[in-house]
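Working notes, structure below.
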Amino acid sequence: MFVTRLFGRTLCTAAKTEASTSAAAASATVKTARNPLEEFFEVDRSGDEEKPIVYGRGWKASELRLKSWDDLQKLWYVLLKEKNMLMTQRQMLEAENLRFPNPERIPKVRKSMCRIKHVLTERAIAEPDPRRSAEMKRMINAL
């Protein structure tokens, strides 16, 4: 009888552990499955409203000149996504008559995007092959 109680408890504990593990795994997959529209909104801050969040500065043209064409293109789309997120957040908050936090972020993103275009245009002008230069200019204007 003692052995039955011991094995019964062990089996029940193992079954509960497996159930809780599978439930945790299922909840983890639910948490990672996000709505793609959530990328247009900044993640809400938790509790620490007294501490202001410090955001970085914009990119300098001298820093961008050191980057490759592919890196600049990737950075362009990261900044575009950031700009869309900020503009969406600002529009939603203004519709609810709330203050937009850190409005200085939008000009930083815009200036960085303008500087990327400037650096790419410099490279297109410096290109010795006129056909390649014209193609580069078309690609830059499409950004």
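Count residues from 1 along the sequence.
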Quiz item: Could you give the distance from CD (Gln91) to CD (Glu96), rounded to the nearest 0.5 Å?
Solution: 11.0 Å

Quiz item: How many angstroms lie between OG in Ser62 and CZ in Arg115, if you round to the nearest 0.5 Å?
Solution: 9.0 Å

Exercise. With sequence neighbours excluded, tell me which residues meet side-chain hydrogen bond (donor to acceptor under 3.5 Å, both in side chains) with Glu122.
Key: Arg65, His118

Exercise. Using the test side-chain hydrogen bond (donor to acceptor under 3.5 Å, both in side chains), find all partners of Arg57 that sit at least two apart in sequence or belong to another chain.
Key: Glu63

Quiz item: Do Leu120 and Met136 touch side chain to side chain, with heavy atoms closer than 4.5 Å?
Solution: no

Quiz item: At their closest point, which heavy atom of Lys117 faces which heavy atom of Leu143, and how far apart are they?
Solution: NZ-O, 3.4 Å

Quiz item: If Ile, Leu, Val, Met, Phe, Trp and Tyr residues are connected whenever their side-chain heavy atoms lie under 4.5 Å apart, and connections chain through other members, are Ile106 and Val78 in the same group?
Solution: no

Quiz item: Okay, side chain of Ser112, backbone of Gly58: is any donor-acceptor separation there less than 3.5 Å?
Solution: no

Quiz prompt | Distance-minimising heavy-atom pair for Arg123 and Leu64 | solution = NH2-O, 3.6 Å

Self-check item: Least distance between heavy atoms, Lys137 atom then Ala124 atom
Solution: CG-CB, 3.8 Å

Practice problem: Indicate yes or no: at least one non-hydrogen side-chain atom of Phe100 is less than 4.5 angstrom from one of Arg90. | Solution: yes

Quiz item: Is the closest side-chain donor-acceptor distance between Asn102 and Glu104 under 3.5 Å?
Solution: yes

Practice problem: Could you tell me whether the side chain of Lys83 and the main chain of Val109 form a donor-acceptor pair under 3.5 Å? | Solution: no

Exercise. Answer yes or no: does atom NZ of Lys111 have more than 12 heavy-atom neighbours from other residues, nucleotides or ligands under 6.0 Å?
Key: no

Quiz item: Cluster question for you: counting only ILVMFWY and a side-chain heavy-atom cut-off of under 4.5 Å, with indirect links fine, are Tyr77 and Trp69 together?
Solution: yes

Quiz item: Does Met139 belong to the same Ile/Leu/Val/Met/Phe/Trp/Tyr cluster as Ile125, with side-chain heavy atoms less than 4.5 Å apart forming each link?
Solution: no

Quiz prompt | Pairwise distance CG(Leu86) to CZ(Arg110) - rounded to 0.5 angstrom | solution = 10.0 Å

Exercise. With rounding to the nearest 0.5 Å, note down the distance linking CG in Asp70 to CG in Leu75.
Key: 12.5 Å

Quiz item: Given the rule that I, L, V, M, F, W and Y join up when any side-chain heavy atoms are under 4.5 Å apart, are Met87 and Trp76 in one cluster?
Solution: yes

Practice problem: Report the residues that fulfil salt bridge (charged side-chain N to carboxylate O under 4.0 Å, His left out) with Arg132, sequence neighbours left out, ordered by chain and then residue number. | Solution: Glu127

Practice problem: Evaluate side-chain contact (heavy atoms from CB on, under 4.5 Å) for Glu82 paired with Met113, printing each intermediate quantity in order. | Solution: CA-CA 11 Å; Glu82 178 79 8; Met113 292 175 81; over 6 Å; no

Quiz item: What's the spacing between Lys60 NZ and Leu66 CG if we round to 0.5 Å?
Solution: 12.0 Å

